[in-house]
Amino acid sequence: MESAIKKIEELVKEETNITIKVKILSISQKEANTQKGKSVYHYGLLGDPTGVIPFTAWSMPTTVRDKDVYQISKCYTKKFNEKIRIYFDQGTEFKLLPEELEVKRTYRYYSIRDLNTNDKYVTVEGILSNEKEREYEKEGQKKAIYQYIMRDQTGTIPLSSFGTKLPVGKGVRIEGAKLDLFNGYYRLNTYEKTAIEDVNLKITEDPEYSYIKDVKTPVGGIKVSGFIISLGEKSGLLTRCRECNTKLDDLRCADHPEAGVKYDVFIYFTVDDGTGYMQVNAGFDAISEITGITSEYLSDEKMPPLKKEIRSRIDRGLMHGAISINGNARMTEQGISFKAMKIERLDQKNYRQIVSIQEEEFA
Ligand SMILES: [Zn+2]
């Protein structure tokens, strides 16, 4: 006898002989090495109007395609990685149904650091700040757009909300925000179907450390640590036009030869933390404290700064010990480019924090 059709939301424990009516959302294939040799199995996602669940098919008719709707009987559920999953085997029966089936959309949760535009609609949690209101026109009507910076324990990202003001300074969970890449940076947008709810979050001001190998996302507020393994040859003192601020190769700006120059510092280097390395660039604000190069020193009219002295302060400050870098990642044609906003010497507290992250990771 055929059992009654179960809804996906009812599949919460391990059961056998289940019948479901579902739409196949995705199918992937994997090779496994068994004692009998190589075998192929399939896995993917399926859903119905009540939810979406992953499946593993040890056996499945070759005619099963994604986007088709089936009544599937004699399948079973089991826990895998603490989550309920549907399994098909040789006894499972598939009946193709000539109908459409609506599937409940669910959005995967991501830490800001782990966002990826391969998944365009996502769930994120964080605290919003820096509210800005702007107006724009759509079909002759004035509308408001609210812009925020969203922060979680791993990073920051700009978020825009069309028409709706969002709560600032407390935890929010945003389901179905749209992720895109703009001008080299990720940003989130909310729209009509986005669900926003208050949640209790414990997020400290200080972001958690990321491993350099995990910095693949163009978001802000990323913190890494490591050692500088090479400092760019042209790092150090540079001159800018007082009038237009352009970086000068000469002592005069071609457009403003009379304006005179002002001094600035810029460095670029490669940092390595044992998991990987990356290119970083940094300006005066990021390195002033750790190098002791002050704005007074750079702007002393009577004693202009010396290239050699600047370079030796940079070497002393940055090249002898582990540092911590807080900054923003940007996507360029060459990959991720990292701009440091603050570089500090790694103190004991931060050192302990890294050790505890590592212990967690390898536990
Ligand atoms: Zn100029």
Side-chain angles (χ1 to χ4, degrees), residues 1-111 113-123 175-176 178-179 181 211 213-217 275-276 335-336 361-363:
M1 197 193 99
E2 204 161 74
S3 55
I5 292 173
K6 288 228 168 190
K7 294 182 183 130
I8 298 298
E9 67 178 0
E10 294 172 329
L11 302 176
V12 290
K13 57 180 202 300
E14 298 194 347
E15 293 179 80
T16 57
N17 195 23
I18 303 168
T19 301
I20 49 177
K21 190 171 127 182
V22 294
K23 183 174 182 173
I24 305 286
L25 300 173
S26 67
I27 304 177
S28 302
Q29 178 174 313
K30 205 166 188 171
E31 258 182 25
N33 287 310
T34 64
Q35 288 160 333
K36 290 178 203 154
K38 275 200 172 115
S39 78
V40 170
Y41 69 94
H42 293 87
Y43 64 95
L45 288 174
L46 52 81
D48 75 2
T50 70
V52 173
I53 192 169
F55 71 85
T56 297
W58 303 124
S59 169
M60 192 166 71
T62 53
T63 50
V64 172
R65 296 272 176 273
D66 64 348
K67 300 196 175 63
D68 282 345
V69 176
Y70 293 87
Q71 181 163 317
I72 305 173
S73 47
K74 295 183 183 146
C75 52
Y76 61 96
T77 52
K78 252 181 120 60
K79 271 193 179 165
F80 177 73
N81 283 343
E82 297 301 303
K83 289 222 170 82
I84 283 286
R85 195 176 179 91
I86 289 202
Y87 287 85
F88 307 143
D89 61 17
Q90 276 156 341
T92 304
E93 293 165 7
F94 291 76
K95 190 163 94 191
L96 180 65
L97 300 177
E99 57 192 82
E100 196 29 67
L101 185 71
E102 195 202 329
V103 172
K104 186 184 179 184
R105 267 201 98 139
T106 53
Y107 307 101
R108 211 178 128 190
Y109 168 81
Y110 288 89
S111 291
R113 175 183 59 202
D114 300 329
L115 287 166
N116 184 315
T117 41
N118 289 335
D119 211 350
K120 286 202 164 57
Y121 291 90
V122 297
T123 294
E175 289 202 35
K178 190 175 184 220
L179 176 70
L181 180 72
Y211 290 124
K213 73 173 169 59
D214 296 329
V215 181
K216 296 171 188 152
T217 314
T275 72
I336 286 287
E361 190 86 354
F362 298 113

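Note that the numbering runs from 1 along the sequence shown for the chain. Quick note: numbers below take in every heavy atom, side chains included, and nothing from hydrogens, waters or symmetry partners. Keep in mind it's a predicted model, so treat the numbers as computed, not measured.
Not counting sequence neighbours, E9 has no partner by the side chain to side chain donor-acceptor pair (under 3.5 Å) test. For L181, the side chain to side chain contact (heavy atoms under 4.5 Å, CB included) criterion is met by Y186, P218, M331, not counting sequence neighbours. Contacts of Y76 classified as ring pair (Phe, Tyr, Trp, His ring centres under 6.0 Å), with partners at least two apart in sequence or in another chain: Y87. Residues passing the ring pair (Phe, Tyr, Trp, His ring centres under 6.0 Å) test with F55 are F88, sequence neighbours excluded.
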**side-chain contact (heavy atoms from CB on, under 4.5 Å) evaluation trace for D48 with I20** = CA-CA 9 Å; D48 75 2; I20 49 177; over 6 Å; no

**Message:** What verdict does the side-chain contact (heavy atoms from CB on, under 4.5 Å) test give for L46 and I53, after you've listed the backbone C-alpha separation in whole Å, the side-chain angles of each residue and the deciding distance to 0.1 Å?
**Reply:** CA-CA 6 Å; L46 52 81; I53 192 169; 3.4 Å; yes

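Within the structure, ring pair (Phe, Tyr, Trp, His ring centres under 6.0 Å) pairs that include any residue of residues 7-41 comprise Y41-W58 (at least two apart or interchain).
The backbone N or O of T62 sits less than 3.5 Å from a side-chain atom of R65, completing a donor-acceptor pair. Looking only at distances, a side-chain donor or acceptor of T92 sits under 3.5 Å from a matching main-chain atom of K74.
Taking 4.5 Å as the limit, some side-chain heavy atom of I84 sits within range of a side-chain heavy atom of K79.
The two residues V52 and I8 come nearest to each other via the heavy atoms N-CG2, 4.0 Å. Closest of all the heavy-atom pairs between T63 and Y70 is O-OH, 3.6 Å. Here the closest heavy-atom approach between residue Q71 and residue I5 is recorded as OE1-CD1, 3.6 Å. For P49 against K104, the heavy-atom pair with the smallest separation is O-CB, 3.4 Å. What you find for E10 and E15 is that their closest heavy atoms are O-OE2, 4.3 Å.
With values rounded to the nearest 0.5 angstrom, I18 atom CD1 is found 5.5 Å from L11 atom CG. Between N118 atom CG and L179 atom CG the span is 10.0 Å, to the nearest 0.5 Å. Interatomic distance, E102 CD to T50 OG1, rounded to the nearest 0.5 Å: 11.0 Å. Between the CG atom of N116 and the NZ atom of K216 there is a distance of 9.0 Å, given to the nearest 0.5 Å. Expressed to the nearest 0.5 Å, how far NZ of K6 lies from SG of C75 amounts to 11.0 Å. Distance check, rounded to the nearest 0.5 Å: NZ of K120 to NZ of K178 gives 7.5 Å.
Residue-environment remark: NZ (K23) exceeds the threshold of 12 foreign heavy atoms within 6.0 Å.
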Could you pull out all donor-acceptor pairs under 3.5 Å where a side-chain atom in residues 25-33 meets a protein atom, sequence neighbours excluded?
unit_1, atom_1, unit_2, atom_2, d
S26, OG, L45, N, 3.2
Q29, OE1, H42, NE2, 3.4

